[in-house]
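Step one of this worksheet: look at the structure below.
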Protein chains: 2
Amino acid sequence: MRVSELGRATGVDVETIRYYEKEGLLPAPARAANGYRHYDEAHLERLTFIRHCRALDMSLAEIRHLLDFVAHPQADCGEINRLVDEHLERVRARLKSLNALENQLVALRASCGTGHVAADCGILHELEAAAHGEACVCHPAGKGHPAVITRKAKER
Amino acid sequence: MRVSELGRATGVDVETIRYYEKEGLLPAPARAANGYRHYDEAHLERLTFIRHCRALDMSLAEIRHLLDFVAHPQADCGEINRLVDEHLERVRARLKSLNALENQLVALRASCGTGHVAADCGILHELEAAAHGEACVCHPAGKGHPAVITRKAKER
DNA sequence: TGAAAACCTTGTAGTCACTACAGGGTCAAC
DNA sequence: GTTGACCCTGTAGTGACTACAAGGTTTTCA
């Protein structure tokens, strides 16, 4: 298989395939006399494995880690569980913060009607009030105002 | 106020403050004879405004847009509503995909007990089965298997 | 007085997982 | 023989920072 065929077979962009090779996730394939890459079934499976993990939103570092276990089947699998657990924990933390965020945005959105001038816009007023240190609908007093953006709001 | 004082007052890293200036979000402050930046109340408010919007997970481009409205209070505010609505839509889409992801990870995690060798690990088996094109607990047949990572899984 | 620590400046490079080019080479069909 | 589809390598861009290098200034303390 040439690179574009592998790409078509897996739905992965050709440049992404070369990127995975450069990153050491996909082993370097054989080369034809003209320098073209030639892939076999093992590459296709490996690439599918990688994309499956990516669909689960795992980082390339996590996937590299999992691939180590595939290469060393005699290792204890406890660390695989730990990896999945930690990943799940991050997903849940992000879910929690996104849920809070949704509520804040809904409250903010409700503070403005339609069809007037920015000077009278409730949304802008709310945001400016917050900048003055006053309570805002999106971050009510006593509920903890994130002056500093916390890790959970930033992490991917 | 010098840059570190502004940083302490707002909880924002000094390098981030200089970054906002370079990006045109924070106006360039006055300079002392020695070249040190000197900020006033208006800068503090503007920076707090920016961080409040960042806490709502808005992009710097969105914030730039909002700041335009602060600068032009006579403009129609319809676009502010649109901006917040679109942002809310993105947050909800991400929430939906993260919810699905959580379920997938829980199913995957359940496929492995503890304390055995990687070769027998249910998680690894599931991931490898998926790479063989078989149905997996995390992406059951008929529920749509994302061979290609979809935008929703990628967007922040 | 002198030296160290704590500031400040600019500019550049790194993060992540790609994506998009530039500038070239190869190959098959017409 | 030329068009177009493919392939190669290498570099630069994305967003929102973060971290450093290499220098200048100011404050503090012995």
Side-chain angles (χ1 to χ4, degrees), chain A residues 1-26 28-39 43 47 50-67 87 90 94 146 148-156, chain B residues 1-26 28-39 47 50-65 67 87 90 94 146 148-156:
Chain A
M1 252 183 302
R2 300 205 301 200
V3 69
S4 66
E5 295 171 282
L6 180 61
R8 259 190 300 278
T10 53
V12 179
D13 196 279
V14 165
E15 313 239 34
T16 303
I17 294 174
R18 287 196 281 251
Y19 171 73
Y20 287 161
E21 180 184 335
K22 206 180 65 182
E23 292 298 301
L25 285 157
L26 206 54
R31 296 283 184 143
N34 57 12
Y36 287 15
R37 287 171 177 82
H38 269 286
Y39 296 96
H43 289 101
L47 181 55
I50 293 170
R51 291 308 268 189
H52 188 74
C53 293
R54 287 292 295 132
L56 293 172
D57 215 14
M58 292 179 187
S59 69
L60 297 190
E62 286 175 311
I63 298 171
R64 224 185 307 268
H65 209 139
L66 281 180
L67 286 169
H87 184 57
R90 274 198 304 281
R94 180 76 180 138
V148 183
I149 294 175
T150 49
R151 206 103 295 274
K152 58 182 178 341
K154 274 164 51 188
E155 83 192 8
R156 77 137 336 209
Chain B
M1 251 182 302
R2 300 206 302 203
V3 69
S4 66
E5 293 171 282
L6 180 61
R8 258 191 301 276
T10 54
V12 179
D13 196 280
V14 164
E15 314 240 32
T16 303
I17 294 174
R18 287 196 281 251
Y19 171 73
Y20 287 162
E21 180 184 335
K22 205 180 65 184
E23 291 298 302
L25 286 156
L26 206 54
R31 297 284 183 144
N34 56 14
Y36 288 17
R37 289 170 176 82
H38 269 286
Y39 296 96
L47 181 55
I50 294 170
R51 292 307 267 190
H52 187 74
C53 293
R54 287 290 297 132
L56 292 171
D57 217 14
M58 293 178 187
S59 68
L60 297 191
E62 286 175 311
I63 297 169
R64 225 185 306 268
H65 209 138
L67 286 170
H87 184 56
R90 274 198 304 282
R94 179 76 179 138
V148 182
I149 294 177
T150 50
R151 205 110 289 277
K152 59 180 177 346
K154 275 161 54 187
E155 83 192 8
R156 60 148 326 188

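If you check every strand for non-hydrogen atoms under 4.0 Å, A:Val14 touches nothing.
For the pair B:Glu15 and B:Ala61, nearest-nucleotide mapping onto DNA chain D gives the more 5' position to B:Ala61. Checking B:Arg18 against A:Arg2, the closest nucleotide of DNA chain C that is more toward the 5' end is the one next to B:Arg18. Each of A:Lys22 and A:Tyr36 lies near DNA chain C, and the nucleotide nearest A:Lys22 is the one positioned closer to the 5' end.
Going from atom CZ of B:Arg37 over to atom P of C:dC7 covers 17 Å, rounded to whole Å. Residue B:His38 contributes atom NE2, which lies 9 Å from atom P of C:dT9 at whole-angstrom precision. If you take CG of A:Asp57 and P of C:dA17, they are 10 Å apart, rounded to a whole angstrom. A straight line from CG of A:Leu60 to P of C:dT19 spans 12 Å, rounded to a whole angstrom. For the pair A:Tyr19 OH and D:dC7 C1', the computed distance is 21 Å after rounding to whole Å. Per the geometry, CE belonging to B:Met1 stands 16 Å off C1' belonging to C:dC8, to the nearest Å. Rounding to whole angstrom units, CG of residue A:Leu47 and C1' of C:dA17 are separated by 14 Å. The nearest whole Å value for the distance from the CD atom in B:Glu5 to the P atom in D:dT27 is 11 Å.
At a threshold of 4.5 Å between non-hydrogen side-chain atoms, the residues A:Tyr39 and A:Ile17 count as touching. Using a 4.5 Å heavy-atom cutoff, the side chains of A:Arg51 and A:Tyr20 are in contact.
Exactly one of A:Val14, A:Asp13, A:Leu60, A:Leu25 qualifies for a side-chain contact (heavy atoms from CB on, under 4.5 Å) with A:Tyr19. That residue is A:Leu60.
Of the inter-residue distances, the one linking A:His38 atom NE2 with A:Arg2 atom CZ reads 6.5 Å to the nearest 0.5 angstrom.
When the side-chain nitrogen and oxygen atoms of A:Thr16 are compared with OP1 and OP2 of C:dT19, one or more of them lie within a distance under 4.0 Å. Taking side-chain N and O atoms only, B:Asn34 has a distance below 4.0 Å to OP1 or OP2 of D:dT26. In this structure, B:Ser4 reaches the C:dC8 phosphate: one of its side-chain N or O atoms is under 4.0 Å from OP1 or OP2. Within the 4.0 Å cut-off from OP1 or OP2 of C:dA17, not a single side-chain nitrogen or oxygen of A:Tyr20 is found. Remark: B:Arg31 is in phosphate contact with C:dT10, judged by side-chain N or O atoms under 4.0 Å from OP1 or OP2.
The minimum heavy-atom distance between B:Arg64 and B:Glu23, with the atom names listed, is NH1-O, 2.5 Å.
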